[in-house]
There are 2 protein chains.
Amino acid sequence: MSEKRKQIIEAATKSFSLFGYKATTMDQVAKMANVGKGTIYTFFKSKEELLEEIVSSMICEIKHEADVAIDQRLSFKENVQRALQRIFTFRKEHELTIKLLQEVRDIGTPAVRDVMKRLDREMIAYIRGKIEEAMTKGEIRSCDPELTAFLMFKMYIALNVDWGKEHEPLSQQKIAELFDLYLLKGLSR
Amino acid sequence: MSEKRKQIIEAATKSFSLFGYKATTMDQVAKMANVGKGTIYTFFKSKEELLEEIVSSMICEIKHEADVAIDQRLSFKENVQRALQRIFTFRKEHELTIKLLQEVRDIGTPAVRDVMKRLDREMIAYIRGKIEEAMTKGEIRSCDPELTAFLMFKMYIALNVDWGKEHEPLSQQKIAELFDLYLLKGLSR
DNA sequence: AAAATGACTAAATGAACAAATCGGTCAATA
DNA sequence: TATTGACCGATTTGTTCATTTAGTCATTTT
């Protein structure tokens with residue numbers, strides 16, 4: 001990949017993380033990347049596409065981290081938990097996701113809202129894949145994989161994000177226990 | 001209770017339902033209630049308190065409807081489902097809740113946001129009560145009642161509201177099945 | 001010739017100001 | 001005593017206009 005392209009992505013990522021999408025100007029990105037503004041438009045057709053590409057590679061990164069956390073020798077239950085934990089740890093610790101989620105909450109920038117929705121959808125699709133695998137292997141009883149993945153994801157948001165808004169946040173240990181107690185018990189054979 | 005007070009509450013409820021909280025003026029309420037504006041302030045110290053009182057009685061109404069749906073001869077599982085179903089049917093069908101939830105989404109009026117948060121908290125508290133009852137009776141295994149009620153509520157929102165945003169909405173029948181399969185299995189003895 | 005650039009444009013944003021509206025009060029009224 | 005609506009300060013809304021910004025393209029650099 002072109003060196004300039006890399007510089008642009010790096011600069012934009014830094015600026016989006018620091019100031020958010022709306023507050024980042026293309027002039028700013030050009031200056032940080034040490035390129036002319038026109039150059040950006042030879043690689044990306046708009047500011048929005050620049051964001052989309054950055055989030056796309058972030059999605060790949062998250063999936064990769066989740067994949068690494070999975071150990072084929074462990075059970076489906078163990079692995080789905082490990083994957084979800086990685087996904088949500090990423091969300092909570094990466095500057096870019098933190099800033100973008102904040103921007104959706106506070107300003108509701110449509111481009112950012114859309115891209116974060118896609119992130120959620122892709123995470124659910126990822127989990128669905130793991131569920132389908134486990135179903136094929138007969139590790140779990142038959143179920144609607146999309147619906148199950150959706151519920152797992154929503155439950156993780158509830159435990160990781162929503163609960164903490166009005167109570168003492170839960171430890172990862174506790175979240176794992178609860179997830180197992182409430183959701184996975186229903187799937188076991 | 002004073003006749004005028006009733007008229008005011010009735011008028012405000014109608015106007016909030018029709019136009020939302022923000023778009024309702026106190027002059028409007030006074031006119032609809034056939035009272036002078038000053039009269040409103042002999043019963044309610046502010047517009048916000050008027051909303052709060054209306055929502056408070058709505059909360060009572062919802063709890064009552066849920067109570068009516070409960071049948072002591074049935075199991076905890078049956079009853080908690082019936083109660084939750086009533087709570088969410090109310091949310092989906094009552095003009096006032098529809099309008100206020102819409103207003104929070106679209107405008108984010110702080111007073112409305114606060115009052116709807118309280119509604120959620122009170123519904124969770126209600127469910128917690130039922131869980132504590134069932135635990136005392138030994139109908140379900142021991143668990144953190146607040147956390148369990150919170151998860152039940154979040155799961156019902158996920159199934160009733162969130163799923164429908166990107167998929168074909170689920171029937172009440174299907175929701176009941178899923179709730180049983182995923183959440184209640186973990187609580188049974 | 002191909003790649004890179006930054007001055008340029010049209011559209012969007014927001015600062016600043018005026019006008020209208022609204023929540024809440026209280027002296028007058030019934 | 002209970003009720004009222006004219007009134008007030010604060011907030012919101014509408015408007016104008018200068019600035020900023022995303023995106024283009026003629027020119028320059030390599």
Side-chain angles (χ1 to χ4, degrees), chain A residues 1-55 99-100 102-104 106-115, chain B residues 1-55 99-100 102-104 106-115:
Chain A
M1 179 173 23
S2 152
E3 186 56 40
K4 291 214 182 292
R5 197 189 143 94
K6 260 187 216 156
Q7 286 167 240
I8 292 164
I9 289 204
E10 199 178 319
T13 304
K14 192 169 285 177
S15 185
F16 290 158
S17 301
L18 229 46
F19 312 113
Y21 174 77
K22 207 192 165 197
T24 292
T25 69
M26 293 304 260
D27 281 302
Q28 164 93 272
V29 173
K31 191 157 283 181
M32 283 175 72
N34 277 107
V35 298
K37 187 161 61 151
T39 309
I40 300 178
Y41 289 90
T42 65
F43 295 107
F44 308 94
K45 76 171 205 292
S46 67
K47 185 183 179 184
E48 193 162 344
E49 195 188 277
L50 179 56
L51 174 69
E52 276 161 13
E53 289 224 22
I54 288 172
V55 170
K99 195 74 195 180
L100 293 180
Q102 187 194 98
E103 189 169 341
V104 173
D106 300 346
I107 326 183
T109 321
V112 183
R113 206 176 40 78
D114 292 351
V115 100
Chain B
M1 180 174 21
S2 151
E3 186 55 39
K4 291 214 181 292
R5 197 188 142 95
K6 261 188 214 155
Q7 286 167 238
I8 291 163
I9 289 204
E10 199 177 320
T13 304
K14 192 170 284 179
S15 185
F16 290 158
S17 301
L18 230 45
F19 312 113
Y21 175 77
K22 207 189 165 199
T24 292
T25 69
M26 294 303 261
D27 282 301
Q28 164 92 274
V29 173
K31 191 157 285 180
M32 283 175 69
N34 279 105
V35 299
K37 186 160 62 152
T39 310
I40 300 177
Y41 288 89
T42 64
F43 294 107
F44 308 95
K45 76 170 206 293
S46 67
K47 185 184 178 184
E48 191 163 345
E49 195 188 278
L50 180 54
L51 173 69
E52 276 161 11
E53 290 225 21
I54 288 172
V55 171
K99 195 75 195 178
L100 293 181
Q102 187 194 95
E103 188 169 342
V104 174
D106 300 346
I107 325 183
T109 321
V112 183
R113 205 175 40 79
D114 291 352
V115 101

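Any value given below was found using the heavy atoms of this structure, including those in side chains, with hydrogens, waters and symmetry copies removed. As the structure is a computational prediction, the values presented were derived from the model and not from experiment.
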Asker: Side-chain contact, heavy-atom cut-off 4.5 Å: B/Lys31 with B/Gln28?
Answerer: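 No, their side chains stay 4.5 Å or more apart.
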
Asker: Could you state the CE-C1' distance from A/Met26 to C/dT9, rounded to the nearest angstrom?
Answerer: 17 Å

Asker: Could you check whether B/Lys47 makes a cation-pi contact with B/Tyr21, meaning its NZ or CZ is under 6.0 Å from the centre of the six-membered ring and within 45° of the ring axis?
Answerer: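 That pair qualifies as a cation-pi contact.
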
Asker: Provide, to the nearest angstrom, the distance between the CZ atom belonging to A/Phe44 and the P atom belonging to D/dA22.
Answerer: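 Those two atoms, CZ and P, are 15 Å apart.
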
Asker: Using atom CZ of A/Arg5 as one end and atom P of C/dA3 as the other, report the distance to the nearest whole Å.
Answerer: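 Nearest whole value for this atom pair: 15 Å.
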
Asker: Could you pick out which residue, A/Asp27 or A/Val35, lies toward the 5' side of DNA chain C when each is mapped onto its nearest nucleotide?
Answerer: A/Val35

Asker: Taking 4.0 Å as the cut-off, does a side-chain nitrogen or oxygen of B/Lys22 come that near to OP1 or OP2 on D/dT13?
Answerer: yes

Asker: Sequence neighbours excluded, which residues qualify as side-chain hydrogen bond (donor to acceptor under 3.5 Å, both in side chains) partners of B/Thr39?
Answerer: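 Not a single residue meets the side-chain hydrogen bond (donor to acceptor under 3.5 Å, both in side chains) criterion with B/Thr39.
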
Asker: Which sits closer to the 5' end of DNA chain D, A/Thr39 or A/Ala23, going by the nucleotide each is nearest to?
Answerer: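 It is A/Ala23, whose closest nucleotide lies nearer the 5' terminus.
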
Asker: Go through D/dG23, D/dT3, C/dG24 for me and flag the one nearest to the B/Lys4 side chain.
Answerer: D/dT3

Asker: Using 0.5 Å steps for rounding, measure from the CD1 atom of B/Ile8 to the NZ atom of B/Lys6.
Answerer: 12.5 Å

Asker: Below 4.0 angstrom from OP1 or OP2 of D/dT21, is there any side-chain N or O of A/Thr25?
Answerer: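 Looking at the OP1 and OP2 atoms of D/dT21, neither is under 4.0 Å from any side-chain N or O of A/Thr25.
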
Asker: Does B/Glu49 CD have over 12 foreign heavy atoms under 6.0 Å away?
Answerer: yes

Asker: Nearest whole Å is fine: how far is D/dT21 P from A/Phe19 CZ?
Answerer: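 Rounded to the whole Å, the gap is 13 Å.
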
Asker: Given atom CD1 of B/Ile40 and atom C1' of D/dG5, what is their separation to the nearest angstrom?
Answerer: 12 Å

Asker: Could you state the atom-to-atom distance from CG of B/Asn34 to P of D/dG5 in whole Å?
Answerer: 10 Å

Asker: Look at the side chain of B/Tyr41 and decide which nucleotide, out of D/dA22, C/dT5, C/dT25, has an atom nearest to it.
Answerer: C/dT25

Asker: Do the side chain of B/Lys37 and the base of C/dG24 come within less than 3.5 angstrom through a donor-acceptor pair of N or O atoms?
Answerer: yes

Asker: CG of A/Leu51 versus P of D/dA22: gap in Å, rounded?
Answerer: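 Value for this atom pair: 13 Å.
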
Asker: Could you state the CG-P distance from B/Leu50 to C/dG24, rounded to the nearest angstrom?
Answerer: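 After rounding, the gap between these two atoms is 10 Å.
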
